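Notes follow the structure.
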Amino acid sequence: MTLKLRPLTGDGSPPVRGSYPQAVEASGATRWLFLSGQVPVGPDGAVAPDFRGQCEQVWANLKAQLAAADMGLDNLVRVTTYLADRAHALDNREVRLRMLEGRQPALTVIIVDLFEAGWMVEIEAVAAA
């Protein structure tokens, strides 16, 4: 059986900002991958000074972990994004929409105090195949 992801939004749901479903149904999955929080540190240890650079690095790190499991963005079921400042919410949405290219995993964004003071974003995810 092949993995099938079905975005769902039930009747009576609140309006959504940012192009994501209220739920995602996964069927046919035989493998699950739980990705630890991916941080904005590049393979060389560098951290971009700006939010967009950090966000793009986090997505690159996420893709690398998916690839290690022979998966890709099509396998994402759930994405949780942690932002250090709500001021980055719209930039985060723009980068996420560009990276996902129409894919619709279940999504949560949380404003938190991240582990390292200079980090502006961290993303954890669940994928299935």
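Nothing here was measured: the structure is a model prediction, and the numbers come from that model. We're numbering straight along the sequence, starting at 1.
Residues Leu107 and Arg96 are in side-chain contact: their nearest non-hydrogen atoms beyond the backbone lie under 4.5 Å apart. Using a 4.5 Å cut-off on side-chain heavy atoms (C-beta onward), Val58 and Pro40 make contact. Side-chain contact between Pro105 and Leu5: absent, with no pair of heavy atoms (C-beta onward) separated by less than 4.5 Å.
For residues 33-47, no residue pair satisfies the side-chain hydrogen bond (donor to acceptor under 3.5 Å, both in side chains) rule, not counting sequence neighbours. Applying the salt bridge (charged side-chain N to carboxylate O under 4.0 Å, His left out) definition to pairs two or more places apart or across chains, none involves residues 109-122. Among residues at least two apart or in separate chains, there is no ring pair (Phe, Tyr, Trp, His ring centres under 6.0 Å) pair with a member in residues 59-80. Among pairs with a residue in residues 103-128, none fulfils ring pair (Phe, Tyr, Trp, His ring centres under 6.0 Å), at least two apart in sequence or across chains. Pairs engaging residues 3-13 under the salt bridge (charged side-chain N to carboxylate O under 4.0 Å, His left out) rule: Arg6-Glu25 [sequence neighbours left out].
Between Pro21 and Pro7, the shortest heavy-atom contact is CB-CB, 3.7 Å.
Looking only at distances, a side-chain donor or acceptor of Gln54 sits under 3.5 Å from a matching main-chain atom of Met120.
Not counting sequence neighbours, the partners of Arg52 by the side-chain hydrogen bond (donor to acceptor under 3.5 Å, both in side chains) test are Asp91, Glu94. A search for side-chain contact (heavy atoms from CB on, under 4.5 Å) contacts involving Phe34 returns Trp32, Val126, not counting sequence neighbours. Here Asn61 pairs with Gln57 under the side-chain hydrogen bond (donor to acceptor under 3.5 Å, both in side chains) rule; sequence neighbours left out.
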Atom pairs and distances, donor-acceptor, side-chain atoms in residues 78-89, under 3.5 Å, two or more places apart:
residue : atom : partner : partner atom : Å
Arg78   : NH2  : Thr108  : OG1          : 2.9
Tyr82   : OH   : Glu124  : OE2          : 2.9
Asp85   : OD1  : Ala87   : N            : 2.8

May I have the list of side-chain donor-acceptor pairs in residues 63-77 shorter than 3.5 Å, sequence neighbours left out?
residue : atom : partner : partner atom : Å
Asp74   : OD1  : Arg103  : NE           : 2.5
Asp74   : OD1  : Arg103  : NH2          : 3.4
Asn75   : OD1  : Gly72   : N            : 2.9
Asn75   : ND2  : Ala128  : O            : 2.8

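Both Ile123 and Leu33 sit in one connected hydrophobic cluster of ILVMFWY residues. Membership requires side-chain heavy atoms under 4.5 Å apart, directly or through other members. Leu35 and Ile110 fall into different hydrophobic clusters, where Ile, Leu, Val, Met, Phe, Trp and Tyr residues are linked whenever their side-chain heavy atoms come under 4.5 Å apart, directly or through other members. Connection of Leu100 to Val121 is established within a shared hydrophobic cluster, with ILVMFWY side chains joined at heavy-atom distances below 4.5 Å, either directly or through further cluster members. A single hydrophobic cluster is not seen to contain both Leu62 and Val39; linkage of ILVMFWY side chains at heavy-atom distances under 4.5 Å, directly or through other members, places them apart.
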